[in-house]
Structures are given as structure tokens and as C-alpha cells.
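We count ligands from 1, going down the list as the structure has it; atoms in each ligand are counted the same way. Each residue takes its place number in the sequence, starting with 1. These values consider heavy atoms only, across backbone and side chains, with no hydrogens, waters or symmetry-generated copies.
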Amino acid sequence: MTSLLNALVRPEIAPLPVYNAGLSDAAVRARYGVARTIRLGSNENPFGPSPRVAQALTALAAHVGDYPDAHATQLRQALAEGTGMAEERLVFGNGSEELIKLLCEIFLQPGDVVVTQRPVFGLHQIYPEMMGAKVQLLNLTAALGFDVPAWCEALRAGPKLAFLPNPSNPVGCMVDADAMARLLAAAPETTLLVIDEAYYEYARLADGYPDVLAQLATRKGPWMVLRTFSKAWALAGLRVGYGLASSAELAALIDRVRTPFNLNSAAQHAALAAWQDAPHMQRSVVQTVQLREALAQRLQTLAAAGAPLAGLRIAPSVANFLFLDLGRPAAPIAQALLAQGIIVKPWKEDGYTQCLRVSIGQATDNAAFVHALVQAFGQEQA
Ligand SMILES: *Cc1c(COP(=O)(O)O)cnc(C)c1O
């Protein structure tokens with residue numbers, strides 16, 4: 001049976017890793033016997049979506065027998081108006097991860113080169129490899145930021161596609177407007193530039209974060225900016241991502257390859273309701289940024305020489321998470337946190353196995369995380 005499958009399967013598929021989607025609440029409760037979990041592993045928004053989302057979903061219940069609008073007309077109109085982008089240059093995905101996959105399916109062939117960065121957002125590597133492309137992973141600087149000269153050099157070599165996450169997930173560092181200008185100048189027009197702005201709503205509050213649509217406006221080559229309703233808009237469970245494309249032609253290519261109803265009715269209605277209550281989202285984003293800075297400060301204090309978390313290093317972040325270099329293997333620490341129901345993401349990539357990513361939760365959750373982290377460090381020393 002195995003050899004039968006081996007003879008049939010595309011050679012790119014068998015070696016692919018399965019995306020590390022983390023443990024579900026139910027799995028953590030069952031495995032560790034905890035009554036409650038604290039979810040700090042998936043960069044979700046703990047403040048939840050606008051209450052209008054629940055109203056929209058309730059109203060939709062009577063119509064779930066109808067197929068969705070394959071064109072997402074109302075949501076498209078609202079986003080076009082809000083972003084200033086022509087309707088025909090918008091694309092939608094079952095999460096922005098689907099758009100990442102579609103771009104790979106449309107553009108990549110065996111041997112093509114894709115540039116991105118490590119530590120990597122898994123799907124920026126898995127989907128190109130699925131198509132047989134070769135992924136070049138650029139390293140961070142010693143200060144855990146983007147290596148802009150390395151990016152410029154890699155882009156100058158003319159890869160088929162580049163996934164530039166801004167800010168980076170898992171690190172949280174960003175490319176500022178000046179650095180972005182250098183990257184854009186380095187990229188030849190034959191390179192498809194994909195700027196993944198999954199944390200745009202948080203990052204835009206940071207000094208120097210680029211208005212990348214303005215910067216891309218004069219670019220001759222193709223590009224797409226990806227955004228999502230999963231993070232700041234708190235709709236991760238419904239799967240709505242969107243892309244702003246350099247041209248209607250590029251958007252039309254997506255339409256050829258996607259499944260016609262990739263955005264289900266609940267997703268469309270919920271996203272529209274959330275979008276129409278932007279102040280709700282903005283309040284939670286401001287709160288989250290304050291909580292992020294407070295958590296970073298607290299950890300910094302505890303990381304001083306002789307303090308309980310000595311050896312810990314915190315990467316500067318403009319997103320809704322922090323990337324921590326623990327100075328010791330992260331997996332056992334994450335395990336100790338799980339035993340208390342606290343879910344974080346220990347990094348598994350070579351060179352980063354001492355790091356973990358913690359999402360910003362509500363104040364009490366962040367405090368529980370710090371408490372458990374101090375305890376876990378102490379237990380290891382004992
Ligand atoms: C979360 C995330 C996404 C995917 O979000 P969807 O839920 O699929 O919309 C894409 N890119 C990055 C960098 C992310 O962190």
C-alpha cells in the first residue's frame with residue numbers, strides 16, 4: 001500500500017512537514033487535566049470581535065441553505081471604500097493563508113526561487129516547497145531585526161517570488177518606510193512581491209511603519225499585500241483574509257484557481273459587520289499594544305542579572321505577540337506552562353529552539369504567564 005502511494009504521489013508532497021497548528025483547548029484540558037486554558041499560542045485577539053458580528057450571524061441563520069455570494073460583493077465594496085483600492089483589485093481567501101497557497105499554485109514551478117526569512121511563518125515555506133520551489137531563508141540580524149542589506153542582495157538576484165512578512169511572525173520586528181524603499185528599489189520587476197501584513201492594524205501604530213500601498217503604487221512589477229480578519233478583527237474561527245493586488249489581472253488569476261465559494265456566508269457577513277465597527281477593533285488594538293509594552297517591561301525587569309528570568313532576551317515587537325529567547329531550551333518550559341493550561345508556541349526551527357512566542361492576552365492572562373514562566377525557570381534550576 002505504502003509503495004503504491006509512493007508511486008503515485010507528487011515527489012514534492014511526501015517530505016512536506018505538517019503545519020504546526022498548536023494544540024486545541026480540548027486537547028490541553030484532556031491531556032493536562034486543567035479546567036481552563038489561557039490561549040497565548042495563536043496571536044488571537046482576546047477582546048473578541050464587535051458585538052455586531054453575533055447579530056449578523058444570528059440573522060444569517062435563516063439563510064444558510066443558500067450558496068454564498070461567490071464575488072463577496074458587499075464585503076468587497078466596503079473594503080474597496082475603506083482601503084481606496086479598486087474593487088477588481090481585491091481578492092479574498094479562506095484566511096490569508098489560502099491566498100498564500102493560491103499565489104504559489106499560480107506562479108511557482110519546480111526550480112523557482114522564493115525568498116523569505118527565518119524564523120519563518122511556516123506557510124511561507126511549505127506552500128512554495130509543495131510546488132517544488134526552492135526557498136531561500138534569510139537570517140535576522142544579531143539584534144533580532146530584518147537584515148535589510150541581505151534582503152536587498154537576495155531580491156537583486158531576482159527570485160520568482162518573495163514573501164516579506166511585515167511585521168515578522170514570529171519575531172514581531174518590522175521593515176520601516178526607509179528600509180521598505182530600499183527593498184522595493186532592489187527588487188526587479190520580474191519578482192512577485194508579497195507583503196504579508198497580517199498584523200497591520202497593530203503595526204500601523206508604530207513609528208516608521210510604512211504605508212506600503214503608497215510605496216508600491218509606482219512599482220512596475222507585480223505585488224500583493226495580504227491582510228486578515230483573523231488577528232485584530234478577532235475572526236480567526238471564520239477564516240477571512242484579503243489581498244490588495246497590483247492589478248486587476250493578478251486578481252483575476254486568483255479567481256481562476258480558487259474554489260468559487262472559498263469565502264462562506266458566515267465569513268462574509270461577520271467580516272462586513274466587524275469592518276463596519278472599526279472603532280471596536282481599534283480600541284482592542286490600543287489596549288493590546290499597551291499590554292504588550294507592559295509585559296515587555298515586566299519581563300525585562302525579571303531578566304536582569306540575578307533576577308528570576310536572567311538570561312532571557314526579548315525581541316522588539318510591533319505586533320500582538322512577543323518573541324522571547326529564553327537562553328535555554330524552550331520546549332520543556334512550554335511543557336511546564338501547558339501543565340498549567342497556558343498555551344504558548346515554542347519554536348521548533350534549527351537555531352531557534354530556545355525561543356518561544358507568546359501572544360498578548362488580557363492583563364490577568366499575561367500575569368499568569370509571567371508567574372508560570374518564573375516558576376518553570378525556578379524548577380529547572382532546582
Ligand atoms: C496569522 C497569519 C496569517 C494567516 O492568517 P489567516 O488566519 O489565514 O488569515 C498569515 N500570515 C501571517 C504572517 C500570520 O501570522
Can you list the steps and then say if Lys134 with Asp112 is a salt bridge (Lys or Arg N to Asp or Glu O under 4.0 Å)?
CA-CA 6 Å; Lys134 189 181 166 315; Asp112 284 340; over 6 Å; no

Please report which non-hydrogen protein atom sits nearest to atom 8 (O) of ligand 1, along with the residue it belongs to and the distance in Å to one decimal place.
Arg239 NH2, 2.8 Å

Just jot down the ligand 1 atoms closer than 4.0 angstrom to any heavy atom of Tyr199, in number order.
1 (C), 14 (C), 15 (O)

Suppose we measure from atom 4 (C) of ligand 1 to each protein heavy atom; which comes out shortest, and what is that distance?
Ser96 OG, 3.4 Å

Using distance alone, with no hydrogens and no angle criterion, decide if Asn169 and Arg357 have a side-chain donor and acceptor under 3.5 Å apart.
yes

For Arg182 and Asp176: C-alpha separation, side-chain torsions, deciding distance, then whether salt bridge (Lys or Arg N to Asp or Glu O under 4.0 Å) applies.
CA-CA 10 Å; Arg182 287 165 62 195; Asp176 68 14; over 6 Å; no

How does Ala198 reach ligand 1, if at all, at less than 4.0 Å between non-hydrogen atoms: by side chain, backbone, both, or neither?
side chain

Any N or O of Asn169 closer than 3.5 Å to N or O of ligand 1:
yes

Which of the numbered atoms in ligand 1 are under 4.0 angstrom from any heavy atom belonging to Gly95?
6 (P), 8 (O), 9 (O)

Distance from Met131 atom CE to Ile106 atom CD1, nearest 0.5 Å?
10.0 Å

Ligand-side contact atoms (ligand 1) for residue partner Glu97, heavy atom cut-off under 4.0 Å:
8 (O)

Given that the side chain starts at C-beta and the backbone is N, CA, C, O, which of these parts of Glu98 lies under 4.0 Å from ligand 1, counting heavy atoms, or is it both or neither?
neither

Ligand 1 N/O within reach of Asn43 N/O, cut-off under 3.5 Å:
no

Please confirm whether Asp196 comes under 4.0 Å of ligand 1, counting heavy atoms of the residue only.
yes

Would you say Thr288 and Asn320 are linked by a side-chain donor-acceptor pair, where the criterion is simply a distance under 3.5 Å?
no

When distances are taken from atom 7 (O) of ligand 1, the protein heavy atom at minimum range is Ser230 OG, 2.6 Å

Regarding Asn45 and Ser284, do their side chains bring together a donor and an acceptor under 3.5 Å, going by distance alone?
yes

Taking the six-membered ring for Trp, are Phe121 and Phe163 closer than 6.0 Å centroid to centroid?
no

Check whether any heavy atom of Phe229 sits under 4.0 Å from an atom of ligand 1.
no

Cation over ring, Arg204 on Tyr199, under 6.0 Å and within 45°?
no

For atom 2 (C) of ligand 1, what's the nearest protein heavy-atom neighbour? Residue, atom name and distance, please.
Lys231 NZ, 2.5 Å

Compute whether any side-chain donor of one residue and acceptor of the other, for Arg118 and Asn139, lie under 3.5 angstrom apart.
yes

